[in-house]
K.L.:
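Attaching a single structure in structure tokens format; questions to follow.
Counting begins at 1 with the first residue of the sequence.
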Amino acid sequence: MLEDLKRLLEVEDPIDRGQRATALLTECQSAITELARIRREVIDELRQRGMTQADVAKALGLTRARVSQLAKAGPPPERAFLGIGPLTVVVALKKESEFGRPAVAQETVEAANSLQTFARGMDLESTLEYVPPPGIFDLNRDNLVVMLGPRLSPLVAQLLEADSSLKFRKDDQGWHLVDQRAGEVYRSPMDTGGNSCIGYLARVPRPDQHGTFLYACGIHAMGLQGVIHYVENNLPKLYEEVRTRRFSAVVGCDFDPEGHQVTASRLLTPLYRHDEA
């Protein structure tokens, strides 16, 4: 960033210089927020190891009063599960069966909006990106949250096949998930008129192998809402168990059939860590 600042000072055009200054300031503010999160996480870790507040202060070169203040300042450590900077939340457009126009399920929009609101509460801004058929888009980006099923994107479907624990499959009864480790098959109760659905939550490697992205989808759109509901209500636990490592899991949810709002969500499988597969 210091090099960027030096280059910025050499820009002669004031409009260009101002635009670049605004972009750099946004980047710096995002970095400062993430650094505050990291420092808070370090303090938590040291206290969990049995260090006193005085010990932590001495180790970090701070006063006890400052350590006490920092332990509550900044975003919570578990925010890193979602990302370390502004998020891009990706949903799919699909053709309406009646008119053939691009559309997105209302439940999918609600799930994306819910996640954006949740992230904003932890100082994580986000943008919503719509991907038209056939679901081809750039997956090699940081802080990406993908919310489109494998049937709407062959690119996503190909990446999900690398999961040796859980597989998406389709037969004459419809789409479902297969737990390769436990030998279980998970089908959505919605397919037989139930008020429950299932979804899939994972951290998936990017095609360029230079990072990962967070992935969530459902057998139906209500299953996606259930996954987001689970993340919002269990983020500290998720981060404690998998941090930002690769994993996958099946999530089940119940919903109100009239208001189409999720009332409960839960894991149906363990959080399968891919480095343990």
Side-chain angles (χ1 to χ4, degrees), residues 78 81-82 87-122 124 126-133 135 145-153 156 160 166 168-179 184-202 214-238 248-269 271:
E78 59 268 20
F81 183 85
L82 301 177
L87 304 177
T88 302
V89 181
V90 180
V91 298
L93 290 170
K94 58 182 180 180
K95 288 186 177 180
E96 292 179 333
S97 58
E98 184 177 357
F99 301 107
R101 297 177 301 193
V104 59
Q106 181 61 33
E107 293 88 351
T108 299
V109 173
E110 290 177 1
N113 289 340
S114 180
L115 181 66
Q116 288 184 287
T117 300
F118 180 65
R120 194 177 304 118
M122 294 183 288
L124 264 182
S126 61
T127 56
L128 192 58
E129 180 178 307
Y130 295 94
V131 177
V145 182
V146 177
M147 294 184 175
L148 62 157
R151 71 185 182 89
L152 297 177
S153 173
V156 169
L160 296 185
L166 301 169
F168 278 91
R169 293 293 181 258
K170 185 180 181 183
D171 57 19
D172 56 0
Q173 297 180 57
W175 284 91
H176 55 279
L177 282 157
V178 178
D179 185 337
E184 297 285 343
V185 175
Y186 294 94
R187 298 181 183 274
S188 172
M190 286 185 68
D191 291 332
T192 52
N195 299 327
S196 301
C197 196
I198 63 170
Y200 174 87
L201 174 66
L214 191 62
Y215 181 76
C217 77
I219 296 301
H220 301 290
M222 286 306 306
L224 170 61
Q225 279 202 5
V227 172
I228 301 306
H229 182 276
Y230 184 81
V231 170
E232 293 175 354
N233 287 278
N234 296 275
L235 190 62
K237 177 184 176 182
L238 282 167
S248 59
V250 177
V251 175
C253 71
D254 306 318
F255 62 89
D256 173 7
E258 295 184 2
H260 276 232
Q261 296 295 316
V262 173
T263 57
S265 59
R266 58 206 167 270
L267 285 180
L268 299 181
T269 67
L271 292 167

K.L.:
Of the non-hydrogen atoms in Gly223 and Cys197, which two are nearest, and what is the gap between them?
P.N.:
N-SG, 3.5 Å

K.L.:
Is there side-chain contact between Ser114 and Glu232, with at least one heavy-atom pair below 4.5 Å?
P.N.:
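A side-chain contact exists here, since the closest heavy-atom pair is under 4.5 Å.
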
K.L.:
Any side-chain heavy atom of Leu115 within less than 4.5 Å of one from Leu82?
P.N.:
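Counting from C-beta outward, Leu115 and Leu82 do come under 4.5 Å.
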
K.L.:
Any heavy-atom pair between the side chains of Val89 and Thr127 that's under 4.5 Å?
P.N.:
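Contact flag for Thr127/Val89 side chains = no.
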
K.L.:
First locate atom CD1 of Ile228, then atom CG of Leu201, and finally report the distance between them rounded to the nearest 0.5 Å.
P.N.:
7.5 Å

K.L.:
With a 4.5 Å heavy-atom cut-off, do Met222 and Val262 have their side chains touching?
P.N.:
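With C-beta onward as the side chain, the pair touches.
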
K.L.:
I'd like to know if the side chain of Thr263 reaches the main chain of Asp254, judged simply by a donor and an acceptor atom lying under 3.5 Å from each other, with no hydrogens or angles considered.
P.N.:
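Yes, the answer is positive, given that a donor and an acceptor are paired below the 3.5 Å cut-off.
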
K.L.:
Can you list everything that forms a ring pair (Phe, Tyr, Trp, His ring centres under 6.0 Å) with Phe168? Sequence neighbours excluded, please.
P.N.:
Tyr200

K.L.:
State, with a plain yes or no, whether a side-chain heavy atom of Asp171 is found less than 4.5 Å away from one of Arg169.
P.N.:
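Side-chain contact under 4.5 Å: no.
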
K.L.:
Between OG of Ser265 and CG of Asn234, what distance do you get to the nearest 0.5 Å?
P.N.:
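Interatomic distance, Ser265 OG to Asn234 CG, rounded to 0.5 Å: 6.0 Å.
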
K.L.:
Is there a donor-acceptor pair closer than 3.5 Å between any side-chain N or O of Thr117 and the backbone N or O of Asn113?
P.N.:
yes

K.L.:
With distance as the sole test, does Ser196 use its side chain to make a donor-acceptor pair with the main-chain N or O of Pro189 at under 3.5 Å?
P.N.:
no

K.L.:
Could you grab the distance from atom CD1 of Ile198 to atom CG of Leu268, nearest 0.5 Å is fine?
P.N.:
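Rounded to the nearest 0.5 Å, the CD1-CG separation comes out at 7.0 Å.
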
K.L.:
Kindly compute the distance separating CZ (Arg266) from OH (Tyr230), expressed to the nearest 0.5 Å.
P.N.:
11.0 Å

K.L.:
If only atom types and distance count, is the side chain of Tyr215 paired as donor or acceptor with the main-chain N or O of Leu148 below 3.5 Å?
P.N.:
yes

K.L.:
Between Val250 and Leu166, does the side chain to side chain contact (heavy atoms under 4.5 Å, CB included) criterion hold? Intermediate values first, please.
P.N.:
CA-CA 8 Å; Val250 177; Leu166 301 169; 3.9 Å; yes

K.L.:
Quick check against the 3.5 Å criterion: does His220 have a side-chain atom that pairs as donor or acceptor with the backbone of Gly218?
P.N.:
no

K.L.:
Roughly how far apart are Leu214 CG and Phe81 CZ, rounded to 0.5 Å?
P.N.:
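These two atoms lie 5.0 Å from each other.
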
K.L.:
Identify the heavy atoms of Val227 and Cys217 that sit nearest to each other, and give their distance.
P.N.:
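Nearest heavy atoms, Val227 then Cys217: CG2-O, 3.8 Å.
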
K.L.:
Assess whether side chain to side chain contact (heavy atoms under 4.5 Å, CB included) is satisfied between Leu271 and Lys237, documenting all intermediate values.
P.N.:
CA-CA 11 Å; Leu271 292 167; Lys237 177 184 176 182; 5.7 Å; no

K.L.:
Side chain to side chain contact (heavy atoms under 4.5 Å, CB included) for Met122 and Leu235? Distances and angles first, verdict last.
P.N.:
CA-CA 12 Å; Met122 294 183 288; Leu235 190 62; 3.6 Å; yes

K.L.:
Would you say Thr192 and Gln173 make side-chain contact, with heavy atoms under 4.5 Å?
P.N.:
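The answer is no; the side chains never approach within 4.5 Å.
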
K.L.:
Which residues satisfy the ring pair (Phe, Tyr, Trp, His ring centres under 6.0 Å) test with Tyr186, sequence neighbours excluded?
P.N.:
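Once residues adjacent in sequence are excluded, Tyr186 has no partner under the ring pair (Phe, Tyr, Trp, His ring centres under 6.0 Å) criterion.
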
K.L.:
Distance-only, no hydrogens or angles: does the Glu184 side chain make a donor-acceptor pair with backbone N or O of Asp179 under 3.5 Å?
P.N.:
no

K.L.:
Indicate whether the side chain of Glu129 and that of Thr88 have a donor and an acceptor atom separated by less than 3.5 Å.
P.N.:
no

K.L.:
With a 4.5 Å heavy-atom cut-off, do Met190 and Ile219 have their side chains touching?
P.N.:
no

K.L.:
Do the side chains of Gln116 and Arg120 get nearer than 4.5 Å, heavy atoms only?
P.N.:
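Arg120 reaches Gln116 side chain to side chain.
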
K.L.:
Walk me through whether Gln225 and Phe255 qualify under side chain to side chain contact (heavy atoms under 4.5 Å, CB included).
P.N.:
CA-CA 9 Å; Gln225 279 202 5; Phe255 62 89; over 6 Å; no

K.L.:
Taking all atoms of both residues into account, what is the closest heavy-atom pair of Leu224 and Ala111, and its distance?
P.N.:
CG-CB, 3.8 Å

K.L.:
Working to the nearest 0.5 Å, report the span between NE2 of His260 and CD of Glu110.
P.N.:
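Answer rounded to 0.5 Å: 10.0 Å.
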
